[in-house]
Amino acid sequence: MTHVAADSIKVNDPFGPTLAYTQGMRLDTGVEPDKLVKTHCCFCGQQCGIQLKVKNNQVIGFEPWYEFPFNRGKLCPKGVKRYLQGAHPDRLLHAYERDASALGGFKSMDYEQAIRRVADEIERIQTEYGRDAFALLSGASLTTEKTYLMGKFAHMCLRTANIDYNGRLCMVSAAAGNKKAFGIDRAANPWNDILGAEVIWISGANVAECAPITTDYVWQAREHGAKIIVVDPRITPIARTCDLFLPIKPGRDIALFNGILHLMIKNDWLDHHFITNHTVGFEAVDEQVQEWTPQKTAQVTGIAENAIRQAAEWWGTASTSFLMHARGIEHHSHGVQNVLGAINIVLASGRIGRENCGYATITGQGNGQGGREHGQKCDQLPGARDLGNPEHRAYVAGVWGMNPDDLPQPGVDAYEIFRKIDRGEIKGLLSICFNPLVSLPDNNFVRAQLEKLEFYVAIDFFLNETARYADIVLPGSLHEEDEGTVTTAEGRVIKINKAVACPGEAREDWRIIQDIAQALGREKGLTFSSPAEMFAELCQASKGGVADYSGITYEKLEAQNGVFWPCPTEEHMGTPRLFKPGSWNPVAQGKGPFYFPDGKARFNVAPYSPPTEDVDEEYPLILTTGRVVSQFLSGTQTRRIGPLVDNYPEPRIEMHPALAQKLGVNDGDWVTAESRRGSTTLQALVVKTIRPDTIFIPYHWAGRKSANQLTISAQDPISKIPEFKVCAVRVKKAVGSG
Ligand SMILES: Nc1nc2c(c(=O)[nH]1)N[C@H]1C(S)=C(S)[C@@H](COP(=O)(O)OP(=O)(O)OC[C@H]3O[C@@H](n4cnc5c(=O)[nH]c(N)nc54)[C@H](O)[C@@H]3O)O[C@H]1N2
Ligand SMILES: Nc1nc2c(c(=O)[nH]1)N[C@H]1C(S)=C(S)[C@@H](COP(=O)(O)OP(=O)(O)OC[C@H]3O[C@@H](n4cnc5c(=O)[nH]c(N)nc54)[C@H](O)[C@@H]3O)O[C@H]1N2
Ligand code: SF4
Ligand SMILES: [Mo]
């Protein structure tokens, strides 16, 4: 069977090639609502509190929620406009099946029949090719309950090894680095610890555009005299207000961290007491960074030597500090090494686990944290347990009432799932909350694999670009149409409340998954009647694991405005700051604050290696990719919200005036960027805020505008994160442009 993307000539229907978008004035926000529902923003990992205004089962606007402690009523442009998506005409209201003769390539079908068809295809593919031939791709915008259910659906119901999630493109380098160094994967501190830090170090995080509310914390610290250091190839909005900007050449962060540690050691800006008593492995790291003199560091990173010295001095001599990073250092084929390098300079300073002394990776997706804890990762079981660990298998199998031997072994990562489709090892796919055709690197390869699948079912509330290749599309639920929990960037478990019921035939995602299980006749363990029931079971399944939720209840979440995990008993108040001496820690059992049997943190030798594809004569420029403030991820949602589209309607190629001049390009000219894998033609955005050897393209658009036509599918060997942040390209003025 060949799958060609369904397309349409009809504008404004869910299957149209042209996206309609909802304009603010369509909804009268002055109307008196029937109710206000306290919940959270559906977008990023900050998970700002918001009150949704509801009238006649429609979200018609919002009110600030001043009492929620994280954002105290503040919201970014996406949060302000998020309510506009529910009323969008593209909202999927039925199940659909592919039909080449139908307008748009799909026709609506009876929901029950669609479920039957999905179950029959799963049965057929698993019988014919083996259980692992059916794969699942899930998402971290889902509530934690749903991500738990997805893991259980894969491991207990389908018994396929092949489930993974979109956090593979996002958080996994940080997760792997944190596990290696601390034995636990969560922000070490609540954001309040930013406020009193003397020095704030921000590497590869466009804080003001991607974690906007965190800007407020950074600026409050600055008001109190904090020095801000920003490391980025671009002078991002947060960098414009910093004290020291280090314009790093993409892919060289580990060299910088090693160079900083070198200077800390040379000048004895170290916390010897902390290193001796609370860490292991310092000697090997000490030896490894010997070679990273300021001269060599400057030469590799492209940062001036005196700036490196200044950064080391500020960091080295501070009495309190906070280091934050995001995907800028993680989206690399040595992303884990970069993270370990960052952690090394934190450990050497001894400034962690105390008031105003912290470290965090800034979580990306709405439930980027909770979504990576309870079993939808390819090697994971609930409670951040390991699918490959016999004790962990036995515990979870016990909670699920099954034989541990029946649990599959660890499967492969999200990109490898597509390689397995290519090799004919995977024949069927279910995706939920994931748009891989836009978000995976080298996406021409991804498209070819979608065309090869024998059967593909997608669950979403909009027909995203990947779902156009589906045989069946099932109408899932919007954030405001279901309840559950998510875990924020700080590690705070919070409650998402239902504001409206699903429209039409759409239903809560978890009901759809359970309907499939039932149609398969394999519903054992998948007969929950509410998210609360799922949450109660996931708490049990997480008990004794590192990510222990067992003392959390919905009531406690509401009463305390969220609970920081771990929270092992009903009486326990949660753990805002990790690594605080005396904190509950099931692994170290009183031996120390870190999550290893000896209670000590690990220094890790993190050697530098260049990006997988470096520049050369043929492709002389570095392409780096990322985000803009008004668009979100693959754009499925924000490209439908008018005011956000107006804000940044099209992707543009950011380049420095010096490069533009060399290419004979003016701002607004059409230019073609080309890599070994693909090309795109977009308008130039000529700005002084980027390195002249680097171009930047935001990735929120699909098709010929997609940045991922160019990116490389090289992955970090440990975390399997793709190298979104560096590949080699050439750029020229587009043919035919004036
Ligand atoms: N507006 C908006 N906000 C979002 C999202 C969104 O799509 N839109 N998505 C959410 C999600 S899922 C995520 S993961 C986060 C991502 O949040 P961020 O990681 O902050 O965003 P990115 O734009 O991916 O990359 C951050 C920065 O890394 C820089 N960079 C590129 N290469 C390098 C390098 O080699 N070294 C260093 N030091 N820096 C480099 C880029 O110039 C960019 O400014 O944002 C979340 N918030
Ligand atoms: N070049 C480049 N590529 C990148 C990145 C980059 O920096 N550069 N960043 C990467 C990162 S960090 C990330 S996180 C990924 C994200 O990539 P994706 O996860 O593919 O992007 P999303 O837009 O979140 O796609 C999620 C889909 O889920 C749907 N959805 C959202 N919430 C729900 C829900 O509750 N239920 C259901 N059923 N569906 C839902 C949305 O409508 C959307 O269609 O992209 C990655 N790709
Ligand atoms: S910062 Fe994130 S969670 Fe807060 S309003 Fe903006 S997108 Fe929503
Ligand atoms: Mo992400």
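Quick note: numbers below take in every heavy atom, side chains included, and nothing from hydrogens, waters or symmetry partners. Start at 1 and go down the list; that is how both ligands and their atoms are numbered.
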> Just going by heavy-atom distances, which of Thr624, Ile248, Thr361 is nearest to atom 32 (N) of ligand 1?
Replying inline: Thr624

> Do Arg492's NZ or CZ and the ring of Phe70 fall within the cation-pi criteria of under 6.0 Å and 45°?
Replying inline: no

> Can you find an N/O atom of Phe632 closer than 3.5 Å to an N/O atom of ligand 1?
Replying inline: no

> What part of Arg82 sits under 4.0 Å from ligand 3 if we count only heavy atoms: the side chain, the backbone, both or neither?
Replying inline: neither

> When the ring planes of Phe62 and Tyr83 are compared, do they come out parallel, tilted or perpendicular, using 30° and 60° as the limits?
Replying inline: tilted

> Among protein heavy atoms, which lies nearest atom 8 (Fe) of ligand 3, and at what distance?
Replying inline: Cys41 SG, 2.4 Å

> What part of His700 sits under 4.0 Å from ligand 1 if we count only heavy atoms: the side chain, the backbone, both or neither?
Replying inline: side chain

>> Please confirm whether the ring centroid of Tyr648 lies under 6.0 Å from the ring centroid of His700.
In response: no

> Tell me, which protein residue and heavy-atom name are nearest atom 19 (O) of ligand 1, and how many Å apart are they?
Replying inline: Arg327 N, 2.9 Å

> Do any N/O/S atoms of Cys48 come under 2.8 Å of atom 4 (Fe) of ligand 3?
Replying inline: yes

> Which of parallel (below 30°), tilted (30 to 60°) and perpendicular (above 60°) describes Phe322 and Trp191?
Replying inline: perpendicular

> Hey, does Ile329 come in under 3.5 Å of ligand 1, counting only N/O atoms on both sides?
Replying inline: no

>> Counting the benzene-type ring for Trp, do Tyr608 and Phe257 have ring centres under 6.0 Å apart?
In response: no

>> To the closest 0.5 Å, what do you measure between OG1 (Thr689) and CD (Glu654)?
In response: 5.5 Å

> Any idea how His332 and His334 line up, ring-wise: parallel (<30°), tilted (30 to 60°), or perpendicular (>60°)?
Replying inline: parallel

> Out of curiosity, Leu195 CG to Asp216 CG, how far, rounded to the nearest 0.5 Å?
Replying inline: 8.5 Å

>> For Val628, is there any backbone N or O sitting under 3.5 Å from a side-chain donor or acceptor partner on Gln631?
In response: no

> Where is the nearest protein heavy atom to atom 26 (C) of ligand 1: which residue, which atom, and how far?
Replying inline: Gly204 O, 3.5 Å

> Is there at least one pair of N or O atoms, one from His331 and one from ligand 1, spaced under 3.5 Å apart?
Replying inline: no

>> Once you restrict to heavy atoms under 4.0 Å, what part of Asp253 touches ligand 1? Side chain, backbone, both or neither.
In response: side chain

> Of the backbone and side-chain N, O or S atoms of Cys44, does one lie nearer to atom 2 (Fe) of ligand 3 than 2.8 Å?
Replying inline: yes

>> Within the 4.0 Å heavy-atom shell around Gln47, which atoms of ligand 3 are there?
In response: 3 (S)

> Any donor-acceptor pair under 3.5 Å linking the side chain of Glu480 with the backbone of Val500?
Replying inline: no

> Can you check whether Lys725's main-chain N or O pairs, donor with acceptor, with His331's side chain at less than 3.5 Å?
Replying inline: no

> Do you know which two heavy atoms are closest between Ser138 and Gln376, and how far apart they sit?
Replying inline: OG-OE1, 2.6 Å

> So, for Ala187 and Ala360, which heavy atoms are closest and what is the spacing to 0.1 Å?
Replying inline: CB-CB, 3.8 Å

> Identify the closest protein heavy atom to atom 33 (C) of ligand 1: which residue and atom is it, and at what distance?
Replying inline: Gly328 O, 3.2 Å

>> For atom 27 (C) of ligand 1, which of the options Ile202, Asp232, Leu644 provides the nearest non-hydrogen atom?
In response: Asp232

>> Quick check: Val628 and ligand 1, any N/O pair under 3.5 Å apart?
In response: yes

> Numbering the atoms of ligand 1 from 1, which are under 4.0 Å from a heavy atom of Pro250?
Replying inline: 34 (C), 35 (O)

> Who's closest to atom 9 (N) of ligand 1 heavy-atom-wise, of Lys725, Glu654, Arg627, Glu209?
Replying inline: Arg627

> ligand 1 and Leu633, any nitrogen or oxygen pair closer than 3.5 angstrom?
Replying inline: yes

>> Tell me whether Arg168 contacts the main-chain N or O of Lys720 through its side chain, where contact means a donor paired with an acceptor under 3.5 Å.
In response: no

> Which ligand 3 atoms, with their elements, are less than 4.0 angstrom from a heavy-atom of Phe43?
Replying inline: 7 (S)

> Can you check whether Phe696 has an N/O within less than 3.5 Å of an N/O in ligand 1?
Replying inline: no

> Closer than 4.0 angstrom: is that true for some heavy atom of Glu330 and an atom of ligand 1?
Replying inline: no

> Should the pair Lys688-Asp667 be classified as a salt bridge under the 4.0 Å nitrogen-to-oxygen rule?
Replying inline: no

>> Counting only nitrogen or oxygen atoms and a 3.5 angstrom limit, does Ala205 reach ligand 1?
In response: no

>> Between ligand 1 and Arg252, is the shortest N or O to N or O distance under 3.5 Å?
In response: no

> Who gets closest to atom 46 (C) of ligand 1 by heavy atom: Ser439, Cys210, Gly366?
Replying inline: Cys210

